[in-house]
Amino acid sequence: MRLSEFFLPTLKENPKEAQIASHLYMLRAGMIRQSSAGIYSWLPLGFKVLKKIEQIVREEMDRAGCQELLMPTIQPAEIWQESGRYDDYGKEMLRITDRHDREMLFGPTNEEMITEIVRSSVRSYKDLPINLYHQQWKFRDEVRPRFGIMRGREFLMKDAYSFDLDQTGAKLSYNKMFVAYLRTFARMGLKAIPMQADSGAIGGDMSHEFLVLADTGESEVFCHKGILEFDVPADDVDYSSDLQPIVDKWTSLYAATDEKADEAQHAELGDSLVTARGIEVGHIFYFGDKYSKAMGATVAGPDGKDVLIEMGSYGIGVSRLVGAIIEASHDDDGIVWPEAVAPFKVGIINLRAGDEACDAACEGAYAKLLEAGVEVLYDDRDERGGAKFANMDLIGLPWQLVVGPRGLKDGKVEVKNRASGEKEELPLDAALAKLTG
RNA sequence: CGGGGAGUGGCGCAGUCUGGUAGCGCACCUGGUUUGGGACCAGGGGGUCGGAGGUUCGAAUCCUCUCUCCCCGACCA
């Protein structure tokens with residue numbers, strides 16, 4: 001993509017409404033534009049990142065044996081009345097009436113909808129287990145949206161729902177999601193720690209929140225420092241094998257959000273205690289037959305008798321992750337994208353657009369990178385160097401290829417690593433080899 | 001939902017107290033000089049002051065109502 005043709009409305013100055021880094025940089029880097037409180041348009045740069053995250057989530061869910069589908073944003077009130085949540089949900093639920101005076105709502109989550117789908121088509125225990133997910137926009141009419149997309153009213157969420165014959169099966173499904181979540185967040189360059197969460201009426205230990213550690217996180221978290229060193233399961237992890245040891249390991253050491261903090265534990269841990277700030281990006285929980293019971297979702301068991309389906313649900317805040325990643329990875333100059341989610345891998349800076357040698361070198365590099373399948377943004381605008389550097393640092397592409405008349409005289413270009421700030425002068429070919437490698 | 005603050009070109013703000021018909025910086029357009037960390041000079045375009053009503057010869061400015069946005073708190077993927 002040539003920057004001269006790319007819709008990238010960056011801002012030099014700080015918009016006053018932005019209070020935290022991710023919000024500020026997303027606005028300044030032209031990733032999002034606010035429409036109304038807690039509702040945003042995703043501009044091309046931001047949308048690219050959102051898609052990258054969505055794809056990683058998809059790959060890891062599929063790897064874990066889940067199947068993707070897509071449920072509507074607008075749901076009928078009936079199924080919510082059936083589960084009893086139509087009244088419970090209160091003002092957070094955006095209610096709509098259609099032209100036939102039928103009560104509808106913009107879905108804040110999809111337990112009812114998925115239960116409705118499964119109960120009407122799954123009749124036998126032989127059809128289980130099954131885990132269905134989608135990545136769809138949700139709406140929760142928050143009283144006070146804030147922090148940009150981190151706590152918007154409209155947000156993109158991946159929600160998966162598992163259906164099992166019994167609790168033993170549900171536990172297996174739960175463990176798969178636990179492992180998939182570890183992998184998903186790690187792939188985005190994040191340190192995400194599973195922490196015991198409220199498991200509601202069901203009880204037990206089958207509910208975890210995944211918190212990304214970032215200095216600017218919204219809540220205080222505590223954990224044993226050993227957790228930070230744990231290995232994330234590799235991509236060849238066998239989801240059909242017993243995953244319990246992995247789950248046990250990750251839950252063996254103390255980790256808690258401030259609501260669940262245990263002062264006694266803290267004292268005991270001493271130097272091993274890490275106090276940090278975190279952002280919740282995922283939540284998995286088992287809720288048994290809460291919805292299957294209310295909505296009559298049963299299957300015929302091996303003995304021919306109907307049994308209620310055991311369910312769990314597993315959420316990931318996809319749009320929130322964009323903000324969480326920025327919170328975890330930025331500096332005073334702007335965003336520092338982990339390569340896996342970067343909107344482009346390389347940014348080419350032409351320091352003297354219009355200069356024959358610079359143009360030729362840049363065009364050549366641009367063509368070769370594209371040919372090699374590297375996502376590249378070429379700043380071909382007629383701007384001064386300083387403006388280009390500042391802009392490129394702001395949007396945070398992992399690599400910058402700087403081409404100017406000074407270096408070109410010696411046949412050299414500069415490759416800068418955005419994260420480390422490390423710069424290397426080398427011949428163009430060597431630079432391209434490095435960036436395509 | 002309680003408490004506070006703010007709405008003036010795309011962005012950031014001044015002007016409001018003490019009414020006289022809108023200004024600054026950035027951005028944008030034209031020309032020129034520049035060009036390795038957000039250049040300079042000259043010229044130029046764009047707002048009717050969130051909205052409605054009222055007071056007045058005259059309202060961004062005073063009064064009433066209303067909408068929206070932001071911040072703190074309680075609440076949440």
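Chain letters run A, B, ... following the sequence lines, proteins first and then strands; every chain starts at 1.
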- prompt: Which one, B:C69, B:C70, B:A74, comes nearest to the side chain of A:V143?
  reply: B:A74
Criterion ring-ring contact (aromatic ring centres under 6.0 Å, His included) on A:Y40 and A:F155, from CA distance to verdict: CA-CA 9 Å; A:Y40 294 83; A:F155 56 97; over 10 Å; no
field: Span that lies between the P atom of B:G23 and that of B:G44, in whole angstrom
entry: 14 Å
- prompt: Who is the Watson-Crick or G-U wobble partner of B:C28, with both distances under 3.5 Å?
  reply: B:G44
- line: Across every strand shown, the nucleotide meeting Watson-Crick or G-U wobble geometry with B:A74 (both distances under 3.5 Å) is none
query: Within the structure, does a side-chain N or O atom of A:K12 lie under 4.0 Å from either OP1 or OP2 of B:G38?
result: no
message: Tell me whether the side-chain N/O atoms of A:K388 come closer than 4.0 Å to OP1 or OP2 in B:G36.
response: no
task: Return the nucleotide paired to B:C69: Watson-Crick means purine N1 to pyrimidine N3 with N6-O4 or O6-N4, wobble means G-U with N1-O2 and O6-N3, both under 3.5 Å.
output: B:G5
- prompt: Has the side chain of A:Q75 got a donor or acceptor atom that lies under 3.5 Å from a matching backbone atom of A:T109?
  reply: yes
Minimum-distance nucleotide (side-chain atoms of A:R384 versus B:U35, B:C70, B:C1): B:U35
Donor/acceptor link under 3.5 angstrom from A:R28 side chain onto base of B:G38: yes
task: Find the partner of B:U34: check Watson-Crick (N1-N3 plus N6-O4 or O6-N4) and G-U wobble (N1-O2, O6-N3) distances, both under 3.5 Å, and reply none if neither fits.
output: none
query: What are the two closest non-hydrogen atoms of A:A328 and A:L213, and how far apart are they?
result: CB-O, 3.9 Å
task: Could you tell me which non-hydrogen atom of A:V403 sits nearest to which non-hydrogen atom of A:A361, and how far apart they are?
output: CG1-CB, 3.9 Å
- prompt: Is the centre of the A:F7 ring less than 6.0 Å from the centre of the A:F47 ring?
  reply: no
message: Give me the distance, rounded to whole Å, that separates B:U21 from B:U56 when you measure between the C1' atoms they each carry.
response: 14 Å
query: Is the base of B:G38 touched by the side chain of A:E383 through a donor-acceptor pair closer than 3.5 angstrom?
result: no
query: Using atom C1' of each nucleotide, how far apart are B:G12 and B:G2 to the nearest Å?
result: 31 Å
Side-chain N,O (A:Q19) to OP1/OP2 (B:C72) below 4.0 Å: no
field: Assigned partner base of B:C57, Watson-Crick or wobble definition, under 3.5 Å
entry: B:G20
message: Less than 4.0 angstrom from a charged side-chain N to a carboxylate O is my criterion; do A:K412 and A:D410 meet it?
response: no
message: Between the base of B:G12 and the side chain of A:N14, is there a donor and acceptor pair under 3.5 angstrom?
response: no
query: Quick one: which of B:C70, B:C76, B:G37 gets closest to the side chain of A:K416?
result: B:G37
statement: Walking RNA chain B from its 5' end, the first of A:E154 and A:H23 to be reached, judged by nearest nucleotide, is A:H23
- request: Taking only the side-chain heavy atoms of A:R144 (C-beta and beyond), determine which of B:C72, B:A77, B:C1 contains the nearest atom.
  value: B:C72
message: Would you say the base of B:G36 stacks on A:F389 (centre-to-centre below 5.5 Å, plane angle below 30°)?
response: no
task: For nucleotides B:G45 and B:G53, find the distance between their C1' atoms and express it as a whole number of Å.
output: 34 Å
message: Given B:G38, B:U35, B:A77, identify the nucleotide with an atom nearest to the side chain of A:R352.
response: B:U35
RNA chain B: 5'-proximal contact among A:R146 and A:I149 (nearest heavy atom): A:R146
query: Which whole number of Å gives the distance between the P atom of B:C28 and that of B:C75?
result: 46 Å
- prompt: Hey, does the side-chain of A:R153 have a donor or acceptor N/O within less than 3.5 Å of a partner on the base of B:C76?
  reply: no
Sole residue of A:W250, A:F210, A:Y314 in ring pair (Phe, Tyr, Trp, His ring centres under 6.0 Å) with A:F178: A:F210
- line: Taking B:G38, B:A77, B:C69 as options, the one with an atom nearest any side-chain atom of A:R151 is B:A77
For B:U64, the Watson-Crick or wobble partner whose two distances fall under 3.5 Å: B:A52
task: Provide the distance between the two P atoms, one in B:A6 and one in B:C24, to the nearest whole Å.
output: 25 Å
